[in-house]
Engineer: 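For reference, the structure I am asking about is given below.
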Amino acid sequence: MLQLLALLHTQQGRSEDALTAYDILAAEGEIGADLHQARGDRLQGLGRFEAAVEAYDAALAREPARVEALNNRAAALEAMGRLDAALQGFDAVLSIRPDHTQALYNRGGVLTALGRSTEALESYDRVLVLQPDFAPAHNNRALALAALGRFEEAVAGYDTALSLADDASTSSNRSAALRALRRLDEALDSARHALALRPDFPDALNAEGLALAAMNRFEAALASYDRALVLRPDHRDALNNAGVTLAALRRFDEAGVRHEAALALDPSFAEAEYNLGLLALRLGDPAGWARHEARWRRAGQPGPTYPDAQLWLGADDIAGSTLLLHAEQGLGDTIQFARYASHVRARGAKVVLQVQPALKRLVRGLDGADVVVAAVGEPLPPVDRHIPLMSLPLVFGVEGGAPYLQADPAAAALWRERLLADRLRVGLAWAGNPAHGNDANRSIALSVLAPLLARAATFVSLQRDVPPTDVPMLAETGIRPFPASISDFADTAALIDALDLVITVDTSVAHLAAALGRPTWVLLPRFPDWRWGEASDETPWYPTMRLFRQSDFGQWGDVVEVLGAALDLVIASRAA
């Protein structure tokens, strides 16, 4: 009778009453695998996951191959954050029943959370063979594709999911993939479609804010985040994103408060800690370097692994050891931070410098680099310790010495012979890597620089990859094209060494020219990268660099006007 009562309570959703009945049955020794599992399900529904696992264990002690108990136990472990154990549980289900759709689906979610997105795709593909119209699987498969950077495919996956079920979460996720593709109007529409379905959906408000921020509509973005936080004050992503937006609005104290609040909610939230580090560095606070180390704990940013080498961050003696300095981000970052090789050698270590292949020949003669290897296609020699290049300022502070790179003298002399000696020789680079997250703000159209080109100077393109929209104008301007004979940064360095001035946006050319000690003028967007600080036209990183800053988002006219006046002074000084 009590068993029937327990089942009745269960069917009618009275979980606490059902649990009381199950507990009495258990005390009387009258509970079998079915009721242990049912008890586990009730406990899991109440969020009591540890107790639920114990109940499932009791069911499985009686019937070890009980598939639903195994599956539900794994789901409880997943909810507790015990992802490796959960994965083992779902795999146990599939070893008994390979076509168990829910276990395959849940397994995909665990693999995605573990950063194993390629394996997650395989799980979702198996789900969709069994159940092609399972909209949540299409959504989660698209999430895995997005985690792999396959955003076009992700959007297609979200579209399929939405064709099966018009779901707010899916539409919000779709907004993120569209934003990554810089299809910003569509990203905003997708977030707002999610809000039309669920006006009180904090995640969709957060997605709306991110789309607006990507459009430089920061006040509107902040309003979206604030609406999300009214609905869910503990939305850590909305807090963190609001902090980024407040920093773009130069409300730095408020930005720090939001990041700190996000970190208080989740002390392991690497994104908030990383942003606090960038905020500190932007404002010239060296304490930011310690928090900058959180970059390795951010989603999608696994730290470097060298099984035979221990990470070194300056705390212990390295004299007599072999230390690997390795590139971690863009070409410009490598050029900027390779300067620290001599500091490491001064500690008594042999230095192995690992860089992108295009930089190998350039840095081969760098002071302090005993061995230089390419990061692709070359084996590393044995090393004792390693440190990422961008961790070196944590150890040594800001180092502003330049030049620290040298061009090949003979190659540079040949370029001087080819360029007109009676005119100022000016190199131009106006567009960076289009894959860079902030490229839309930091790159400019060649037409923006048109007012400069009437000056009495010889202009040389340092733009290896010319945006297709700039090709017609480049052919008409008289700018000398980027030489086809240049194969790597060592060749580019020789050309730059023959120039009197380099004018560039924030890209690797800026770092190369300044590291060579050449006069370098950099055009910066309204909210530039942290390394350029906030107000000065100088930078502690490079003594020959001058910064020209936007006064408003997207407006380059005033910047080019000021730069043109400065160029006139240089030309007049040369003629005097």
Engineer: Would a distance-only check, ignoring hydrogens and angles, find a side-chain to backbone donor-acceptor pair under 3.5 Å from D370 to V351?
Structural biologist: yes
Engineer: Let me know which of V355, V363, L325 forms a side-chain contact (heavy atoms from CB on, under 4.5 Å) with T334.
Structural biologist: V355
Engineer: Validate the cation-pi geometry between R442 and F527: distance from NZ or CZ to the six-membered ring centre under 6.0 Å, angle to the ring axis within 45°.
Structural biologist: no
Engineer: Using every non-hydrogen atom in the two residues, find where L428 and F459 come nearest and quote the distance to one decimal.
Structural biologist: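 Looking at all heavy atoms of both residues, the shortest contact is CD1-CD2, 3.8 Å.
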Engineer: Check residues 79-91 and write down every donor-acceptor pair under 3.5 Å in which the side-chain atom is one partner and the other belongs to a residue at least two apart or another chain.
Structural biologist:
residue: D91; atom: OD1; partner: R107; partner atom: NE; Å: 2.8

Engineer: Identify whether NZ of Lys or CZ of Arg in R282 sits under 6.0 Å from the centre of the six-membered ring of W530 and within 45° of that ring's axis.
Structural biologist: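 Because its charged atom misses either the 6.0 Å distance or the 45° angle limit, R282 does not stack over W530.
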Engineer: Got a donor-acceptor contact below 3.5 angstrom from the E328 side chain to the M390 backbone?
Structural biologist: yes
Engineer: I want to know whether Y225 and H235 have ring centres closer than 6.0 Å.
Structural biologist: no
Engineer: Does D491 use its side chain to pair, donor to acceptor, with the backbone of A494 at less than 3.5 Å?
Structural biologist: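 The answer is no, because no donor-acceptor pair under 3.5 Å joins these two groups.
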Engineer: Once you measure the plane-to-plane angle for Y542 and Y404, does it fall in the parallel (<30°), tilted (30-60°) or perpendicular (>60°) bin?
Structural biologist: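 Taking Y404 first and then Y542, their aromatic rings lie parallel (interplane angle under 30°).
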Engineer: Between the side chains of R339 and D367, is the shortest nitrogen-to-carboxylate-oxygen separation below 4.0 Å, so that they form an ion pair?
Structural biologist: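 Judged by the 4.0 Å cut-off on N to carboxylate O distance, D367 and R339 do not form a salt bridge.
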Engineer: Got a sec, which pairs hit salt bridge (Lys or Arg N to Asp or Glu O under 4.0 Å) with one end in residues 346-358, sequence neighbours left out?
Structural biologist: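 Qualifying pairs, neighbours excluded: none.
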Engineer: Return the OG to CG distance between S175 and L184, rounded to the nearest 0.5 Å.
Structural biologist: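 Spacing of OG (S175) from CG (L184) equals 9.0 Å.
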Engineer: In this structure, are over 12 heavy atoms from other groups packed under 6.0 Å from E538 atom CD?
Structural biologist: no
Engineer: Okay, side chain of S461, backbone of P481: is any donor-acceptor separation there less than 3.5 Å?
Structural biologist: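 No, S461 side chain to P481 backbone: no donor-acceptor pair under 3.5 Å.
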Engineer: Taking the ring centre of each residue, are W541 and F337 less than 6.0 Å apart?
Structural biologist: yes
Engineer: For salt bridge (Lys or Arg N to Asp or Glu O under 4.0 Å), just list the numbers for R291 and E260, CA-CA rounded to whole Å, side-chain angles, deciding distance to a tenth of an Å, and then say yes or no.
Structural biologist: CA-CA 12 Å; R291 280 187 149 155; E260 291 283 10; 3.5 Å; yes
Engineer: Do H511 and W532 make the cut of ring centroids closer than 6.0 angstrom?
Structural biologist: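 Between W532 and H511, which both carry aromatic rings, the centre distance is below 6.0 Å.
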